[in-house]
Every structure is written in structure tokens, then in C-alpha cells.
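In what follows, a single structure is set out as C-alpha cells and then discussed.
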Amino acid sequence: MRKRQRMISFVLTVIGLFLAVAFFSPILVLLNNSFKSLKNIYLDVLAFPTAETFITTNYPDAFEKLEFVKSFGNSFMITVCSTGLILVFCSMAAWVLVRYKTKKSKVIFMMYASATLIPFQCVMLPLVRLMDKLHMMNRPGLVLMYLGFGASLSIILFHGFIKNVPVELEEAARLDGCNMVQTFFLVVLPMLKTIMVTVAILNVMWIWNDFLLPQLMINKPGWQTLPLKTFLFFGQFSKKWDLATAGLIMCMLPIILFYIVCQKHIVKGVTEGAVKG
Amino acid sequence: MKRSKLGFWGFVLPSFVMFAVVVLIPALWGIGYSFTSWNGIGNDVAFVGISNYIKIFTEDGDFRHAFLFTAVFSVLVVICVNLVGFLLALLVTSKAKGTTLMRGAFFMPNLIGGILLGFTWQFIFVQAFGAIYNATGLEFFKNWLSDTKTSFFGLLILVVWQLAGYMMLIYIAQIQNIPDDILEAAEIDGANYRQRLFYVVLPLVAPAFTIGLFLSLTTCFKLYDQNLSLTNGGPYNSTEMLALNIYNTAFKYNNYGEAQAKAVIFLLVVSVIGLTQLNISKKKEVEM
């Protein structure tokens with residue numbers, strides 16, 4: 001019986017590892033070819049580069065063509081600022097929506113909940129017109145737009161969490177003379193740490209990878225984010241797979257590193273977002 | 001707590017104003033635009049009644065195709081993604097070794113943006129498959145993404161590859177919620193693996209299936225980035241999905257009014273899916 005169990009465990013491990021490699025293989029193929037010249041890529045995609053054909057020049061070339069520092073900086077700033085605004089303003093809103101048990105709170109929360117159904121294509125065209133009129137088609141404007149789009153899911157998640165936070169501490173703080181702002185930032189906020197991480201992870205992943213909104217709003221030289229620049233890069237160099245493979249690997253690297261560093265939080269955040277959202 | 005009206009609005013408004021500006025107002029405005037001849041350029045917006053809607057259903061073959069394609073494609077994706085996701089979840093919660101590593105590999109595609117994934121698979125299907133065909137002569141690897149069939153399956157493979165790990169996470173959470181003593185009791189009672197899977201695990205994982213099915217369905221229905229970067233709807237618009245069709249109607253053909261009417265239909269379909277899910281999960285709660 002023991003022997004049979006060990007056998008099963010062994011077979012499952014082999015199958016699992018094989019599948020893991022298979023899942024990873026598209027990226028391995030990409031990585032392999034990013035060290036070859038265009039001629040050698042067309043000669044044989046599957047061959048490994050030999051000592052003579054191994055090159056690293058694709059990377060600096062792609063780095064330059066992607067304006068990597070600039071695009072990465074744009075993506076980074078936009079993602080960090082948007083997520084920061086979402087965390088502060090959505091937790092504030094969710095808190096009062098839970099604590100003020102009025103009809104108004106209920107109506108506003110229902111609006112957020114039903115808005116999760118609205119597909120982006122439905123608001124896209126009037127949004128472009130409206131943002132143009134408000135002079136918001138720039139990077140700070142985009143950050144504010146992300147606050148609006150991220151509000152639904154973030155407030156729902158905060159709302160669900162705050163409902164289970166006991167109100168006694170807040171009441172004590174009020175009795176001690178804290179005003180509303182102090183109560184929230186000094187007493188409530190520190191208790192929201194776990195849900196903050198979840199909301200932050202979900203928003204970072206979505207905003208970092210978002211393509212269509214930046215394409216519509218800030219598609220101007222110098223403002224482009226990484227996904228936007230990758231798309232343009234492909235339009236320009238569609239058959240230049242030597243640059244393209246290196247460029248793709250470079251663009252994937254930040255998110256893969258992010259995943260390796262906070263895998264546990266990401267897994268928890270994504271699961272919670274799916275189940276409760 | 002002392003109820004201060006000013007405090008309430010001070011806390012609610014910052015996010016609510018932006019939410020109203022980017023979601024509520026454009027959504028209502030957009031429904032209005034769907035009854036006009038708006039072309040996106042000038043300010044001359046004439047009311048044309050429901051003629052946009054009539055045109056979409058009677059003249060626009062591309063939209064009908066995009067709609068059917070999206071529906072068929074989504075159903076296939078939902079079946080494959082959830083089946084694969086569930087099997088992967090069983091595998092990584094089994095007694096196999098190195099399951100943390102496996103989880104990481106299976107979930108990783110989900111983190112990478114759709115644009116990058118589309119281009120990556122374009123390279124695999126066109127260049128790598130081409131090389132395999134040249135080396136082995138197997139018909140299967142010939143000319144991917146150049147005809148309707150391989151483009152369809154190419155997109156299917158990409159989406160299943162991307163979403164399976166996401167579904168896996170949902171199923172893992174549910175499988176780990178099953179108390180060990182139930183499974184042990186079943187084992188002591190002489191239930192073999194198949195019986196435990198079908199009579200203990202599956203019924204207890206059922207609530208997660210509702211989530212998994214609808215989540216993958218709505219994600220797939222709204223698919224845009226991958227569609228754009230893998231096939232861009234080609235060849236001959238055969239793989240153009242709804243979101244891409246709406247985008248092209250507006251920005252390629254400058255029919256904003258018509259695009260907006262399509263978006264309203266899109267909204268109705270997504271809402272029906274969403275409300276169905278709500279109903280099902282509510283019923284389940286009552287039963288439990």
C-alpha cells in the first residue's frame with residue numbers, strides 16, 4: 001500500500017512537472033530566440049544558439065527602440081499613483097457606506113455593484129469626448145480615470161471587509177475626542193491592512209497591463225505606457241523577430257519579478273477578488 | 001457615532017465623482033448616442049430613432065458573425081478552461097512533489113498583459129510551428145493563423161493557456177476548504193479515489209463552479225487585447241470578436257452611432273449573464 005502510494009505520488013509529480021514546463025515553454029522559446037540574429041531565427045526557431053551564433057545585442061537595440069526607461073517610468077508612475085488614490089479614497093468611501101446605515105448609502109453601493117456589469121466598450125466613445133472637453137487626456141487625467149474605473153470592485157471588497165470590523169474601537173476613539181478624519185486614518189485604516197494588500201494587488205495587475213484606455217487617452221510620444229509602446233513597436237517592426245523577442249521578454253520581466261517577490265499575496269488577492277467581486 | 005452629513009459626503013465624493021464622470025455619465029450618454037447619426041468628428045448629431053439597431057440586425061453581416069463567433073468561442077473556452085483549471089487544481093492539491101513550483105508556472109500567464117501574450121503566441125504559431133512543420137512535415141503544424149480554422153484554435157489555445165491557472169486558483173481554494181475528516185471517513189468506508197472524487201469532492205466544489213463558469217464567460221465575452229494582437233480579427237474578419245468589432249465600427253469606419261448601438265446590445269447580453277449568475281448563487285445560498 002505504501003509502495004503504491006509512493007508510485008502514485010511519483011507519477012503525479014512527473015506529469016505535473018511536464019505540464020509546468022509545457023506551460024512555460026512559449027516563454028522559453030521566446031527567450032531562446034532573443035539571443036539569436038534574425039537570420040538564425042528564420043533558419044531554425046527551435047535550435048539553440050551555439051557559441052558562435054549567441055548574441056546579446058538584441059536587448060540594447062530593443063531597449064532603445066522601446067524607449068524602455070521612459071515607457072517603464074510612465075507605466076510605473078501611472079500604476080503607483082492610481083493604486084494609491086484608489087486605496088485611500090475607496091477605503092474612505094466604503095467605510096462611511098458601511099457605518100452610515102441610511103438609504104443613501106444603500107443606493108450608492110448598489111450603483112457601484114451594478115456598474116461592474118458595464119463593459120468598457122459601452123462607455124468608451126462618450127468618455128473620449130468628455131475627457132477631451134475636460135482637458136483630461138493626459139497622464140494625470142488618466143490616473144483620475146483609473147480611480148473612477150477601479151472604484152466599483154475596490155469599494156465592494158473594502159465594504160465586505162469593513163462590515164466585519166467591530167465598531168467599538170471607533171466609538172471609543174470618538175469619545176476620546178477624535179474627529180472623523182482622525183478616527184478613520186488613525187484607528188480604522190491600520191485595521192484594513194490585509195484587504196489593502198488584496199485591493200492593491202488587483203489594481204496593480206489590471207492597470208499595469210491595461211491597453212485600451214491608455215491607447216484612447218494618452219497615445220502621444222513621451223506619454224506612452226509599456227503595453228502601448230509594445231503595440232506600436234510591433235506595428236513598426238512586425239517581421240523583426242530578433243528585436244521583438246527581446247522586447248517581449250523585457251516587458252514581461254517586471255511583472256514576473258513582481259510575481260516572484262509577492263507570490264503569496266498575489267495568489268490570495270486574485271482568489272479573493274474572484275470569489276467576492 | 002455622531003452623524004455628520006458633511007463628513008459623509010466628504011468621504012464618499014472623491015471616488016464617486018470620478019466614478020460618475022467615467023462610468024455613469026458616459027454610459028447614459030452612450031445609450032442616447034445609439035439613437036443618433038454621430039460620426040465622432042463633427043458636432044452635427046442628428047436623432048435617427050432606432051435605425052442604427054435595425055441596420056445592425058439586418059445589414060451588418062460582420063456584427064452577426066462577431067456575435068456568433070464570440071458566443072461559440074466563449075462556450076468552448078468556458079468548458080476547456082474550467083476542465084483544465086479543475087484538473088490542475090486536483091493535481092497541485094494531490095500528494096505530488098513540487099506543487100508550489102507547478103502552481104507558479106500554471107498561474108503565471110495570467111499576470112502578463114493580453115497584448116504581450118498575443119504577440120508571444122503569434123511567434124509560436126507562425127515561426128515555431130513553421131519550423132516544426134519544416135522539420136517533421138506534420139500537416140498539423142502547417143500555416144497556423146493563416147486560415148479560419150487555425151486562427152480559431154490559435155485564439156482558443158491562447159485564452160485557455162491564460163485563464164486555466166486563474167480558474168485553478170479558485171478551485172484550489174474550494175478544494176482546500178473540504179475538511180480532511182470527510183475525505184478520511186470516505187476512505188475508511190472503502191471509497192476508492194474515483195468515488196471520493198465524484199461523491200465527495202465534486203459536490204463540495206460545486207459553488208466554485210458557478211463562480212468559475214461565469215467569471216470565465218464574462219472575461220471571454222469582453223476579450224479585446226488578445227484578439228487584437230494575435231489575429232487582429234483576421235483572416236477576413238473571421239476571428240473578429242464583439243469588442244474588436246465595436247472598436248473598428250467606431251474608429252475604422254467612423255460610425256460612432258452604430259458602434260454605440262452595438263455597445264448597448266453588448267451591455268444587455270453581459271447584464272443578462274451577470275443577473276443569471278446572481279440568481280443561481282442566491283438560490284444556492286438558500287439551499288445551503
Side-chain angles (χ1 to χ4, degrees), chain A residues 9 12-13 16-17 20 23-24 26 29-30 41 44-46 89-90 92-93 95-97 99-100 108 115 117-119 121-123 125-127 130 144-145 147-149 151 155 170-171 174 180 205 209 211-212 227 230-231 234 241 244-245 248 251-252 255-256 259 263 267 270-271 274-275, chain B residues 1-4 7-8 11-12 14-16 18-19 21-23 25-27 29-30 33 91 94-98 101-102 104-106 108 111-116 119-121 123-124 127-128 131-132 169-170 173 211 215 222 224-225 243 246 250 256 259-260 263-264 266-267 270-271 274:
Chain A
S9 161
L12 286 174
T13 310
L17 289 178
F23 258 72
F24 216 79
V29 173
L30 216 56
I41 292 178
D44 189 0
V45 172
L46 302 172
F89 289 128
C90 293
M92 279 165 59
W95 178 58
V96 289
L97 289 179
R99 294 300 184 229
Y100 284 64
I108 292 174
L117 290 173
I118 301 175
Q121 276 71 21
C122 216
V123 300
L125 303 174
L127 184 69
L130 187 62
L144 288 176
M145 283 180 235
L147 170 61
F149 281 113
I155 287 182
E170 296 162 30
E171 280 164 354
R174 293 302 279 259
M180 204 169 153
M205 279 172 43
N209 287 326
F211 170 73
L212 192 47
T230 315
F231 188 72
F234 261 82
W241 282 110
T245 47
L248 283 171
C251 293
M252 284 176 188
I255 201 95
I256 293 180
Y259 181 50
Q263 185 171 13
V267 167
V270 169
T271 314
V275 176
Chain B
M1 206 196 317
K2 214 179 101 208
R3 302 251 179 270
S4 132
F8 177 80
F11 273 56
V12 165
S15 47
F16 191 75
M18 277 325 295
F19 168 70
V21 167
V22 300
V23 179
I25 296 170
W29 204 3
Y33 269 138
L91 180 68
S94 72
K95 290 190 180 81
K97 296 210 167 59
L101 191 97
M102 291 175 204
F106 297 148
M108 194 217 32
L111 294 158
I112 302 168
I115 294 288
L116 296 177
F119 289 136
T120 303
W121 278 93
F123 183 71
I124 302 298
Q127 306 300 333
I132 297 176
L169 285 190
I170 298 171
I211 297 170
L215 204 62
K222 297 180 190 172
Y224 174 80
D225 295 2
I246 294 173
Y256 278 49
Q260 201 54 59
V264 172
F266 192 29
L267 170 68
V270 175
S271 303

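Predicted model only: the values in this text are computed from it and were never measured. Only this structure's heavy atoms are used, side chains among them; waters, hydrogens and symmetry mates stay out.
At a 4.5 Å heavy-atom cutoff, the contact between B:F106 and chain A is made by backbone and side-chain atoms alike. A:M145 touches chain B through backbone and side chain together, each having a heavy atom under 4.5 Å away. For B:I211, the part sitting under 4.5 Å from any heavy atom of chain A is the side chain, from C-beta outward, and nothing else. Both the backbone and the side chain of A:Q121 come within less than 4.5 Å of a heavy atom in chain B. Residue contact with chain A, scored on non-hydrogen atoms closer than 4.5 Å, involves the backbone and the side chain of B:L267 alike. Of the two parts of B:I115, only the side chain, counted from C-beta on, holds a non-hydrogen atom closer than 4.5 Å to a non-hydrogen atom of chain A. Proximity to chain B involves both the backbone and the side chain of A:L17, based on heavy atoms less than 4.5 angstrom apart. When heavy atoms are compared at a cutoff of 4.5 Å, B:Y33 approaches chain A solely by way of its side chain, counted from C-beta outward. Interface remark: B:L91 contributes side-chain atoms only to the contact with chain A (heavy atom separation under 4.5 Å). Interface remark: B:L101 contributes side-chain atoms only to the contact with chain A (heavy atom separation under 4.5 Å). In this structure, chain A has a heavy atom under 4.5 Å from the side chain of B:I124, while its backbone stays farther away.
The most heavy-atom pairs under 4.5 Å with chain A, out of B:A250, B:A263, B:G113, B:S15, come from B:S15. Between chain A and the residues B:I25, B:T120, B:V264, B:V21, the largest count of heavy-atom pairs under 4.5 Å involves B:T120. Options B:F16, B:Y256, B:Y224, B:F119 differ in how many heavy-atom pairs under 4.5 Å they form with chain A, and the most are formed by B:F119. Most heavy-atom pairs under 4.5 Å with chain B: of the set A:S9, A:P227, A:P26, this distinction falls to A:P26. Listed options A:V29, A:T245, A:L125 were ranked by heavy-atom pairs under 4.5 angstrom with chain B; first place goes to A:L125. Between chain B and the residues A:T230, A:I155, A:V123, A:I108, the largest count of heavy-atom pairs under 4.5 Å involves A:V123. Comparing A:F234, A:F89, A:F211, A:F24 by how many heavy-atom pairs each has under 4.5 Å with chain B, the most go to A:F234. Interface summary for chain A: among B:L215, B:V12, B:V22, the most heavy-atom pairs under 4.5 angstrom belong to B:V22. Between chain A and the residues B:G274, B:P14, B:S94, the most heavy-atom pairs under 4.5 angstrom are made by B:P14. Ranked by non-hydrogen atom pairs under 4.5 Å with chain A, the options B:A173, B:G114, B:A27, B:G104 are led by B:G104. When each of A:L248, A:I255, A:I256 is scored by its heavy-atom pairs under 4.5 Å with chain B, the top score falls to A:L248.
Inter-residue side-chain proximity for B:W121 and A:L30 is flagged as unmet; no heavy-atom pair is nearer than 4.5 Å. For the pair A:P126/B:Q260, a side-chain contact is recorded, criterion being any heavy-atom separation below 4.5 Å from C-beta on.
The minimum heavy-atom distance linking B:V23 with A:G148 is given by the pair CG2-O, 4.3 Å.
Surrounding NZ of B:K222 are more than 12 heavy atoms belonging to other residues, nucleotides or ligands, all under 6.0 Å away.
Taken from CG in B:L111 to CG in A:N209, the straight-line distance is 8.0 Å, to the nearest 0.5 Å. To the nearest 0.5 Å, the span separating CZ on A:F149 from CD1 on A:I118 amounts to 9.5 Å. In this structure, CZ in A:R99 is found 11.5 Å from CE in A:M180, a value given to the nearest 0.5 Å. Separating the CZ atom in B:F266 from the OG atom in B:S271 is a distance of 10.5 Å, to the nearest 0.5 Å. Separation of atoms CD (B:Q127) and CG (A:L46) is listed at 11.0 Å; rounding is to 0.5 Å. Separating the CZ atom in B:F19 from the CG atom in A:L147 is a distance of 11.0 Å, to the nearest 0.5 Å.
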Could you please spell out the steps behind the side chain to side chain contact (heavy atoms under 4.5 Å, CB included) verdict for A:M205 and A:V270? CA-CA 10 Å; A:M205 279 172 43; A:V270 169; 4.1 Å; yes
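A donor-acceptor distance shorter than 3.5 angstrom exists from the side chain of A:T13 to the backbone of B:K97, with no hydrogens or angles considered.
With hydrogens and angles left out, the side-chain atoms of A:E170 and A:W95 include a donor and acceptor closer than 3.5 Å.
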